[in-house]
Amino acid sequence: MARNITPREKDYPQWYIDVITAAELADYAPVRGCMVIKPLGYAIWEAIHRDLDGRFKELGHTNAYFPLFIPESFLSKEAEHVEGFAPECAVVTHGGGEKLEEPLVIRPTSETIIGHMYAQWIHSWRDLPVLINQWANVVRWEKRTRLFLRTSEFLWQEGHTAHETAEEAREETLRILECYRAFAEDVLAVPVLVGEKTEAERFPGAAHTWCIEGLMQDGKALQMGTSHDLGQNFAKAFEIRFEGRNQQLDHAWTTSWGVSTRLIGALIMAHSDDDGLVLPPRIAPTLAAVVPIFKTDEEKELVLGTIRKLMVGLLGEEEVAASENRIGNDQVQKCFYNRLTEQYVIVDKRETARPGDKFYHWEQRGVPLRIEVGPRDCASGKLVVKNRLDRSKDVIDAADFTRANLDARLDAFQKALFDRGLERRAENTHEIGDYKAFCKFFKKKRGFVRCFFNPSKEAEATVKSHTRATVRLVLNANSDREGTCVFTGEPSRTEVIFGIAY
RNA sequence: CGGGGAGUAGCGCAGCCUGGUAGCGCGCCUGCUUUGGGAGCAGGAUGUCGUCGGUUCAAAUCCGGCCUCCCCGACCA
């Protein structure tokens with residue numbers, strides 16, 4: 001058992017912090033609500049960035065960059081938008097030692113400044129669609145922060161598109177939603193529900209907000225991504241107009257969508273255990289850690305020699321030789337397993353730590369596979385493969401230490417992780433039709449509650465005051481099944497998911 | 001922003017009530033022995049006691065302001 005990690009059972013919030021600390025994902029910054037993303041945490045973000053970026057480009061989007069500072073007056077141009085964001089904006093009032101004529105808001109999101117630019121770039125239907133994404137930091141002055149889940153500054157991507165018709169904008173919104181779903185499930189191995197937000201939970205200024213929602217191990221819901229159909233709201237506020245095929249002036253239809261470093265929090269809370277971080281192989285910066293075991297100098301020579309041969313067999317002489325020239329290779333030798341995804345197999349050659357230390361070290365950092373090679377293995381031509389997820393230990397022939405073998409193990413790991421998530425979600429999803437039972441459930445338990453519900457701001461506020469639960473998403477606004485609203489008892493065809501959210 | 005808890009060596013903590021030259025465990029450094037699940041012995045280094053101010057001959061300790069973190073609320077992409 002890891003001695004530096006509080007078990008989930010004992011104190012879940014403390015466990016979360018302990019896992020982050022033990023895995024060295026992040027550290028607190030000397031500014032309230034801000035964090036430093038340390039190399040391992042950042043490598044995970046880079047992996048998320050790399051994969052999603054490819055998906056966006058595959059769909060036809062390109063990246064651009066807009067300013068961090070937004071003139072304060074821009075925010076006010078969309079009534080709901082300013083109402084939603086003004087309370088959490090950081091505002092710059094001075095620059096260069098002088099008071100600014102107009103204060104500058106540090107972007108909490110970029111709809112306004114991008115809308116302003118789109119108004120200048122878009123004149124004709126021939127200019128549409130505009131499909132731009134930006135990778136950026138944003139600032140939202142949060143009262144209560146949590147590492148990765150909610151910090152005052154965070155990293156994200158925000159896509160902003162403009163279209164000729166309402167249909168196209170809606171299609172774009174749903175296309176991105178599906179992109180997020182596939183990414184969350186296939187890459188992060190976190191099962192997500194997909195649906196629309198109710199008016200109460202909608203993005204300020206959006207016509208429709210769609211989301212992917214995951215269930216964490218403590219039964220709380222986590223919003224992992226949103227895709228907004230902005231209708232013509234921002235186009236009207238910023239006068240994004242174009243002359244159509246019919247020679248009439250019309251406002252463009254815009255969308256925006258984003259995921260953030262919060263996804264790292266989702267990864268931690270969905271997969272990790274009392275021994276520390278667990279990462280899906282498709283995201284893990286290090287796929288396998290090779291731990292040499294030896295006592296004497298002769299054994300050291302034998303074991304390290306054997307490992308070198310194994311690594312050459314796995315990755316080729318060129319890569320192994322290159323890794324030996326990298327700085328620090330006498331400590332932890334980093335060999336590229338996949339240069340495109342920047343994923344490594346490492347050899348932990350530190351002589352200051354003993355094998356047991358190394359086992360815990362890499363386990364806590366979420367490395368999916370551990371390879372042990374000792375004198376006994378060298379003699380028998382075998383090696384040990386330990387699986388981080390199910391803790392199984394396989395003794396395999398050295399000849400089987402191949403890409404095909406490792407890939408198969410990593411694929412099985414990825415699948416097992418996702419299947420475990422599906423099982424957990426199934427166990428923690430309940431259909432409840434009666435409001436008394438509904439309240440009783442949330443008094444004691446956490447999880448997704450599926451029910452019929454006729455959304456309204458008032459009803460949702462009342463339910464929240466009773467239970468702290470909110471509508472996480474509308475599963476189906478027009479169900480084939482006919483039910484009764486869990487709150488009012490009236491007939492309903494709207495199926496929703498309630499949960500207590502992070 | 002309201003309620004509760006905390007801040008002393010890298011980490012975890014004691015000391016504070018009852019002011020009087022700052023301690024323990026782990027980690028770290030050196031050496032030897034070790035090494036297949038967190039090693040043993042010996043020696044050693046490390047602190048503006050979160051910060052600013054007040055009381056006092058004297059403050060980690062008493063008083064006040066502020067900062068930061070954690071938990072529970074409120075708020076919230």
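A, B, ... follow the sequence lines: proteins, then strands. Residue 1 opens every chain. Only this structure's heavy atoms are used, side chains among them; waters, hydrogens and symmetry mates stay out.
B:G27 and B:A39 are spaced 14 Å apart, taking the C1' atom of each and rounding to whole Å. The C1' atoms of B:G19 and B:C24 are separated by 22 Å, rounded to the nearest whole Å.
Under the salt bridge (charged side-chain N to carboxylate O under 4.0 Å, His left out) criterion, A:Glu142 pairs with A:Arg150, sequence neighbours left out. With sequence neighbours left out, the side chain to side chain contact (heavy atoms under 4.5 Å, CB included) criterion links A:Pro13 to A:Asp11, A:Arg146. Residues satisfying the salt bridge (charged side-chain N to carboxylate O under 4.0 Å, His left out) test with A:Asp51, not counting sequence neighbours, are A:Arg55. Not counting sequence neighbours, the partners of A:Asp390 by the side chain to side chain contact (heavy atoms under 4.5 Å, CB included) test are A:Asn387, A:Ser392. Listed by chain and number, the residues in a salt bridge (charged side-chain N to carboxylate O under 4.0 Å, His left out) with A:Arg450 are A:Glu495 (sequence neighbours excluded). In this structure, the salt bridge (charged side-chain N to carboxylate O under 4.0 Å, His left out) partners of A:Lys300, at least two apart in sequence or on a different chain, are A:Glu351.
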Produce the list of close N/O pairs, under 3.5 Å, pairing protein atoms with atoms of nucleotides 73-75 of chain B; give distances to one decimal.
residue: B:G73; atom: OP1; partner: A:Arg468; partner atom: NE; Å: 3.1
residue: B:G73; atom: OP1; partner: A:Arg468; partner atom: NH1; Å: 2.1
residue: B:G73; atom: OP1; partner: A:Arg468; partner atom: NH2; Å: 3.0
residue: B:G73; atom: OP2; partner: A:Arg468; partner atom: NH2; Å: 3.3

Enumerate all atom pairs, one protein N or O and one N or O from nucleotides 3-12 of chain B, separated by less than 3.5 Å.
none

Can you tabulate the close N/O pairs, meaning under 3.5 Å, that link protein atoms to atoms of nucleotides 29-35 of chain B?
residue: B:U35; atom: O2'; partner: A:Phe294; partner atom: O; Å: 3.4
residue: B:U35; atom: O4; partner: A:Lys295; partner atom: O; Å: 3.3

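By the 30° and 60° cut-offs, the orientation of the rings of A:Phe234 relative to A:His81 is perpendicular.
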Do any side-chain atoms of residues 20-35 of chain A form donor-acceptor pairs under 3.5 angstrom with protein atoms, and if so which ones, sequence neighbours left out?
residue: A:Thr21; atom: OG1; partner: A:Ile17; partner atom: O; Å: 2.9
residue: A:Glu24; atom: OE1; partner: A:Arg365; partner atom: NH2; Å: 2.7

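With distances taken from any side-chain atom of A:Glu88 to the nucleotides B:G36, B:C76, B:C70, the minimum falls on B:C76.
Listed by residue number, the members of residues 256-272 of chain A with any heavy atom below 4.0 angstrom from RNA chain B are A:Arg262. Residues from residues 374-384 of chain A that place a heavy atom under 4.0 Å from any atom of RNA chain B, listed by number: A:Gly374, A:Pro375, A:Arg376, A:Asp377, A:Val384.
Annotation: A:Phe56 is in aromatic contact with A:Trp257 [ring centroid separation under 6.0 Å]. Less than 6.0 angstrom separates the ring centroid of A:Phe438 from the ring centroid of A:Phe442.
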